[in-house]
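Note that the structure is a prediction, hence the values are computed from the model and not measured. Values reported hereafter were calculated over all heavy atoms of this structure, with side chains retained and with hydrogens, waters and symmetry mates removed. Ligands are counted one by one from 1 in listed order, and the atoms in each one are counted from 1 as well.
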Amino acid sequence: MCSPGTWMWRAALCCALLETLLHTARGLNMCMSGSATSCEECLLIHPSCAWCAQEDFGRGRTLTSRCDFKQNLHKRGCDPLFIEFPSSSVSILQNMPLSDKGSGATQYDVVQIMPQSISLSLRPGEQTWFGLQVRQVEDYPVDLYYLMDLSLSMKDDLDTIRNLGTKLAQEMGKLTSNFRLGFGSFVDKNISPFSYTAPKYQENPCSGYKPFPNCVPTFGFRNILSLTDKVDRFNEEVQKQMVSRNRDAPEGGFDAILQAAVCKTEIGWRKEAYHLLVFTTDDVPHLALDGRLGGLVQPHDGKCHLNEKNEYSASTEMDYPSLALLGEKLAENNIFLIFAVTKRFYVIYKNFTALIPGTTVEILDQDSKNVIQLIVAAYNNIRSKVELSVWDHPEDISLSFTATCQDGKPLPGLRKCADLKIGDTVSFNVSVEARSCPPRGTDQSFTIRPVGFKDRLEVSVDYQCDCDCSKKAQTNSSICSSIGTYNCGKCQCEPGYLGARCECQEGDTSSMYLSACREAEGKQICSGRGECSCNQCLCFKSEFGKIYGSYCECDDFSCARHKGILCSGHGECHCGECKCHAGFVGDNCNCSTETSTCVSDDGQMCSGRGNCVCGRCQCIEPGAFGDTCEKCPTCPDACGTKRECIECRLFNSGRLADNQTCQRLCKDEIITVETLKMDEPGAVLCLLKTDNDCVMKFTYSEHVSGQSVLTALKEPECGGGPDAMMVLLAVVGSILLVGVVLLAVWKTVITVHDRREFARFQSARSRARYEMASNPLYKQPVSTHFVETDFSMYGKSYNGVVH
Ligand SMILES: *[C@@H]1O[C@H](CO)[C@@H](O)[C@H](O)[C@H]1NC(C)=O
Ligand SMILES: *[C@@H]1O[C@H](CO)[C@@H](O)[C@H](O)[C@H]1NC(C)=O
Ligand SMILES: *[C@@H]1O[C@H](CO)[C@@H](O)[C@H](O)[C@H]1NC(C)=O
Ligand SMILES: *[C@@H]1O[C@H](CO)[C@@H](O)[C@H](O)[C@H]1NC(C)=O
Ligand SMILES: *[C@@H]1O[C@H](CO)[C@@H](O)[C@H](O)[C@H]1NC(C)=O
């Protein structure tokens, strides 16, 4: 009907207008097409749908749906009193201001998150938001528990840490005025095959072991010193410790971590302090199910089992704990776990940190010499970031975070800020959406907590799922011919009855006007998915889901799928379209708006070399790869970033050296060699000019294993490099030299030539002396020429000589 004809221009305009109208009409349909049969159903269709509960609404009109946009109901004559249109709301219940300092008499009142309690009233499908602020206050108390592997190989470490307490207290004293230190140790379960159990080893498992014949019996975990501010006690207790010996390489450290985490009173964790658990070892840990080798089938119960001797008593009764259990217990008790492990096991523990939230891993020197530096670095790293975690997250509530870190730029999809200074305040914008209505009367609640903080925001949720008018429903109402319930302006008829006033009986075809059951002329009755009865479509039941709509034109199963899952499991299917939950977008809702996975170690989105699409980096810089495009040996600035790492790691100088960023940003393996070989394919050669006119050469390459490797010369090359003046002199000099040489050559050639000429002249003169008769210079003036002329035209040949 809109085909452009002679009135081309007008027709085009008409098309555009019609299109607009159709769109509006389709938009209108959202509330109406759902054919909500009750107020509650209407509210669920879309947060912009409202219900008119007025009894005589729509009587005698063509549009009869009581479910429509609020303004449309208004226009159609519904009294505002009867319009049901609840909406989401947020109310703040407790909002104490953030504290500035952690120390002082009122430690229990230190506030690091604001607000502390809110209540949400959510209408399903409607997004609402609230803001929250977090600040790492200065001078916050710190509890540090040092958990040490006392297997035989740690003997040299034990020697190193004998005076650790004093030094550690000194260093930590610079960071907090309230520091407590504790000490515990572990070896492994004292049963076969983990330990030596033969009688002769009972008292001394080292007996008969030549290099070190004396040690103490194996034990699971022992709490030696509960947290205390008397650091001398730490030194004393450490002096007394002796190593033990177990049979297999892995140690029972995870048993010890769990006990240290859950035995709150025995260890003495303070409620109002940061809890750091430093775990030092030089081997891999035993994991859950390993216990079966020793016949332990009982899984760990996650409880504290310390006896009066402060030893783990269930060591030989229960299996090792699982990573999940460990992670749960650490988080529950706000404990930051720092794995301080030798270099050989860095990768394994690094993999554990991905599975246990709130853990970091640092490389421990073979004899624990760098342990203080490592603890301070880990502490600063922890204190420089704020990451929100959600506890008891109700399944039907979607949350999506936007972080605003210190630079004031909102970062959608991020719930973490890094590189903070103590005292910085960061804010988060949290969008909330309820997806459905829970069974009546269930109220939900959840907590938002910055990882490792005791502070929390309590959020309680109730749902706007009910209509006020439903409270006044009348059963066997006279309005509904006494065979139905009058509810919110509508009759809900008893089974078998139909009609606005329950006036029809099902299957009664006498009053059937089939046209009322067609969406448009020529279409199937009830879209072929229902039967027409009493001017209404009764939609068939489908095994796939629900069919609905005035003409059974809608269903909740024909939507885009991803990997076979309707709306990727992140949205509701509504009449052919996915309505995505908060935090997801896309036709099939498979695209997450979360961007934290795209942030590289240096805090940039995809290292500044790509875009974050659906939570994954798409690198645009040619040659860039890696999860966050962090790897790129061929990028123009590849040497630049690595140069800073070489600077701070090898020379402890440069931009990154002053603070702890070197530890964090430069995790690449650095190999030092005598001579640099460029045999690695894809390796780039970088130069670094050091202070004293020396040049440090190194190569940068990406290994197949995913590890970046920097190979550097042991010593910088110091050629006492040529300076500009020298270069100038050299150039001028060489030009002069070439000139002089050329002159000399020319001179020689000329001289030789002259000599030869002179010699010829001399010899000529001497000949002239003996043949005086004939002057050597005299030449006969007559010359002879032969001229060959063809006179054949005269009949004979003629040869003549001309003198
Ligand atoms: C650590 O994890 C990576 C990938 O997740 C894997 O390739 C590697 O083999 C793991 N390393 C160890 C030692 O388990
Ligand atoms: C929080 O985010 C919502 C949308 O997600 C936005 O409408 C609102 O303005 C934001 N609030 C602030 C304070 O930025
Ligand atoms: C409504 O009517 C039905 C029969 O039509 C009867 O069984 C039922 O008890 C009535 N209920 C009320 C509340 O009057
Ligand atoms: C989402 O689904 C579309 C269409 O099936 C697909 O092309 C795309 O790769 C998917 N994206 C993700 C992140 O899975
Ligand atoms: C610490 O390192 C960062 C580089 O990430 C730099 O921006 C900052 O200025 C440094 N801070 C100090 C105190 O040197």
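Near ligand 4, heavy-atom contacts under 4.0 Å come from His562, Asn588, Asn590.
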Please evaluate residues Gln136 and Arg383 with respect to the criterion side chain to side chain donor-acceptor pair (under 3.5 Å), reporting the C-alpha separation (whole Å), side-chain torsions for both, the decisive distance (0.1 Å), and the verdict. CA-CA 7 Å; Gln136 292 258 23; Arg383 291 285 318 239; 3.0 Å; yes
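Heavy-atom distances between Ser431 and ligand 2 reach below 4.0 Å in at least one pair.
Cation-pi geometry between Arg456 and Trp391 is not met at under 6.0 angstrom from the ring centre and within 45 degrees of the axis. Under a cutoff of 6.0 Å and an axis angle of 45°, Lys642 and Tyr700 form a cation-pi pair.
Each of His581, His393, Glu433, Arg435 was compared with Ser398 under the side-chain hydrogen bond (donor to acceptor under 3.5 Å, both in side chains) criterion, and only Arg435 meets it.
Residue Phe540 places its CZ atom among more than 12 non-hydrogen atoms of other residues, nucleotides or ligands, all under 6.0 Å distant.
Remark: aromatic rings of Phe57 and Phe82 are distant, center separation not under 6.0 Å.
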